[in-house]
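Read the structure below first, then the notes.
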Amino acid sequence: MAQQFPYTYYACCINASSSASLVQKRSSHTTTADEEDEDRTFDPRSPRANYSLYPLEHLLYCDDCQQIRCPRCYTEEIVAWYCPSCLFDVPNTQVRTEGNRCQRNCYNCPICTSPLQVNPLEHSSHLAPESSNGASYFLGCPYCNWSSLDIGVEFAKHTGITAQLAKLKTARQSQAKKEREERAENTDSNDNNALNERPTRDDLFSNLKSFYKDALSSANPVNPLSFDPTLYNSPPSVTRLMNLYAPPSVKRAKAAKPTPMREAHSTSEGLLPLSPVDEDMSIARMAQAGWDSLSSTAQRSQQQHPTTKFVQDLWPAQTRLLTRRAKRCATCRHILTKPDSKISSTRYRIRILALDKVPRLSIRALSALHTPHPSFPISVSSTAATAPRFEYENLRPGVMVQFLLTLHNPLFEPIRVTLGTPAVTPGKLASRVTVLCPQFEVGANTDVWDEALNSSTTLSSKGKMQPGDGPVQAEAGKVWERGRNWTSVVVEIVPGFPGGAPTGIVPRTAEEEEELDEEDTVVEVPVFVRFEYEYEHPDAAVFEKMREEEGARVKEVPEMGRQTREVAFWTVLGVGRVAGR
Amino acid sequence: MATPQPTASLRPTPPKRASTVKPILPPPPSTIHPTAVIASHAVLSGTHPITIGAHCIIHPYARIVSAEGPVELQEGVVVWEHGIIEGRGEGVRIGRGVIVESGARIEGEVGEGSLVGQGSIIGVGSVVGKHCKLAPRTILEPQTRIPDFTVVYGANNARRVDTTVRDKAETMTAREKGQQRQMDALRKLVPGNTAKWMT
C-alpha cells in the first residue's frame, strides 16, 4: 500500500442493501441476514471493504439521512453543458437535438487534438484575384502546425465555420461520388451497376436507421389494444397478448427473450458491401503515400466516421461538450452538492461535505509526540530534533504501543462520543486493542479567538502526568488532553504475531500456517464511532422570535426546540506494519 | 539574529542596483553586430569565438558558451531566458530567424526559421533542418537529423511534415511578418547592454 502510516479511512455502504430500492425488493429472509451483518464487526480485511473505505475528504454527508455518502450511494445529474473551449453554456434542448458537440466555431486538431485557431490568410497580390477581396481564413493548430489548408479547406468568413465546413463537405462528397462513377465506368467489372449506386455514408446511415425503425415497429406494434383485427394476425401481436394474460413469472421469462430480426441485406437497407474498386484505390494510395499518410487509431476515434484511413481525409473535429453535475443522495433524493450554473465561476451553491459534519479522527504514536499542542505539528523545541522518530513500519509483535487518538469536532455544538473496537482485530494478525477512555466529550467548534483569549481555562482536564517525570503514564477512564474542539484519548495496541502466535499462548491453526503476504502484516483497527449532540430545531428560533415580539423575553430555548441527534459510522485506523519475525 | 557580525561591517557594502554578475574570466573573443541586443544579465563565456549577427536578441540569463567550440548566431536569432547554446566540436551554427525558447539547450545545428520549444534539448552533433518546429520539452538524442519543414511533437516525439508552410508561400510570409513584429516589441522591452560584451 502506497499510503503512509498512520491513516484513517471512513467506511460507507458496508452493506450492499443500504440503498433504498434494494431494501424494498428484498425478501424477509435476506433482510434478517443483513441485520446480522450490521451487528457484526466491520472487517477491513474482507474483499468487500475495498469498495467501502474512503478518506474523509472524498465523502459527502446527507443531512436528512444523517449518514455519510460515498460515490456508491449518491447519484449524479447534469446541471449544465458547456464547451471547454469557448466556455459558452449550451442549453439541454440543443444538446438533445444536435449532439454533445460545440456548434460554434470551436474545433479540435484532427492530428493532435489541441484546439484550432482561425487565422487570416493574405494572398499575395499577384496570386489572388481581386474579386476575392485578397483575404481568406483557415483553421490552424498552434501545436503541431496542422492547418485546414493541408486538406484544401479555406473559409470566406471567420465566423460560421460550422456551416461553411458542412457546405464544403457535401460539395466534396458529391465530387468523390462523381470520380468513383467515372472510375467504375473505366474498369471492366461485372458489378458496375451496383457500384454506380454507391451511396454516401450519411445516406447509408439514414437508410439503416429507417430499416431498423421499420423492423422494430413490425416486431412491436404501437398500440396492441386497439381494435384493429389485422393487428392480431401477426405472431408478435399474439405473443404480446399472451404476455398480457400470462402469470408474472412467465411474463418475465418471455420479456427477456427478444424476437429475432433479420439484418439489412441491400444498399437501400443500409448495408455497405465490400467493393473491390474502392479497396484497390486505397491500396494503391497506401503504396504511393507510405506509412505516414495513414491515420492512427486515436485519430480515427476522434472522427465522425471512424473508418477514415488517410491523414488527408481527416476532418477537424468539433469540440466535445463537458458537463457540470449535481450530486443527490440515492436514498432520499436530497441534493448534496450543486455547482454554480455560471460556467466561469468555480463555486458551489450547495455543498455538504462529511468534513464539516463528522468528527475527524487522527492517530499518532504517543512516543512520537513531543509537541505541547496538537495544533502545531511542527515542533521547534530542541528535544524533538534529537528524539528518535517512531517507526510505524516496524512495530514489534507482542510489545504494547500507546497511540493517541484525536477527534476534531467540526460542528458548532459539543458532541458526546462513544468509541467501540473489537478486543482483537479481525484477520490473521490478531492484535489486541484497548481504548482507555471510550466515552468522552468534544467541545464545540467555536470561534478560534475564544480559545486564544481564554487559553488557561480550556485546557483544564488532563489525564496525563507532567512531561519530564520519566515515562508517560496514561490513566484509564480519563481523556489524555482536551482543547477547544478536540479531545485526545490513549489507545493501547499489542500487535499480533505474523504467522501465528508463539506456542503456549494460542494454539496455531492450519490457516495460520499458510504463508502470509505483505498485507497481512498491517495492523488495521476497525473503530465504531457513535456521537450524539443536541441541536436547536429550526422551529425553536421562530418560536423565540415570536415570544420576543410579544414582549416576554425568554433566555432559554424551550425544551421542545432542542433535539438530540445521533450519528454512527465505522472507521479503520491503519496504525502501522509489524516487522517480520 | 541579533548577534553582531564584525566581518559584515568591515566589508565594503556594494552600491545599490549594481549588477551582481561579475566577469571573473576575460570575455570570449566575440564578434557582435552593433544592432544586436544583449541583456546585461546574459552570459557569454568560453574561449572559442562567438559570433552574433544583426538584430539578434539575447534575453537576461540566457547563456552562450563557447568553451568547447565556436558559436555562430546568424541574423535575427532570439534566445529567451535560461536558454543555453553550447559550442561543440567544430562549432554550432544557429540559422537566420531561429527562436530558442526559455530553458532550451542546444548543442547542435539549427536551420533557418526553426523554433525550438521551451525546455527542449538538442543533442550533440544533431542537425535540425530549416523551418522546423520542436514542441516544448522535445528531447533529441545526439546525432539526430531532422529534415526541413518537420514538426516534432507529442510524448513519443512524433514527426509530421509541415505541408502548410512548405506548400503555401502566404503562410510563410505571414509567419515572418509576425516574427518581425515580435522582434520589434522585444527590442523595446529587453534592456540591452551590448557594449559590455564588445571587445
* Check: B:Ser40 main-chain N/O paired with B:Asn193 side-chain donor or acceptor under 3.5 Å -> no
* Looking at A:Arg285 and A:Asp313, does any basic side-chain N land under 4.0 Å from a carboxylate oxygen? -> yes
* **Polar side chain donor-acceptor pair, A:Thr113 to A:Asn108, under 3.5 angstrom** => no
* Heavy-atom pair of closest approach, residues A:Asp150 and A:Trp146 -> OD2-CD1, 3.7 Å
* **Side chain, backbone, both or neither of B:Arg175 within contact of chain A (heavy atoms, under 4.5 Å)** => side chain
* Please tell me if the side chains of A:Val311 and A:Asp292 come closer than 4.5 Å, counting only heavy atoms from C-beta onward. => no
* **Parallel, tilted or perpendicular: rings of B:His55 and B:His33 (30°, 60°)** => tilted
* To do: State whether the side chain of B:Thr51 and the backbone N or O of B:Gln74 hold a donor-acceptor pair below 3.5 Å, judged by distance alone.
  => no
* To do: Write out, in numerical order, the residues from residues 121-135 of chain B with a heavy atom short of 4.5 Å from a heavy atom in chain A.
  => B:Lys133, B:Ala135
* Asked: Of A:His158, A:Glu154, A:Lys157, which is the lone residue that meets side chain to side chain donor-acceptor pair (under 3.5 Å) with A:Ser136?
  -> A:Glu154
* What pair of heavy atoms forms the shortest contact from B:Val151 to A:Tyr143, and how long is it? -> CG1-O, 4.3 Å
* Asked: Pick from A:Ser148, A:Pro120, A:Cys144, A:Ser147: which one has the most heavy-atom pairs with chain B under 4.5 Å?
  -> A:Cys144
* **Test item: B:Ser66 side-chain N/O and B:Gly69 main-chain N/O as donor-acceptor pair under 3.5 Å** => no
* Which portion of A:Asn145 sits near chain B, non-hydrogen atoms under 4.5 angstrom -> both
* Residues from residues 85-120 of chain B approaching chain A under 4.5 Å (heavy atoms) -> none
* Structure fact -> side-chain contact (heavy atoms from CB on, under 4.5 Å) with B:Met172: of B:Asp167, B:Thr164, B:Val165, only one passes, and it is B:Val165
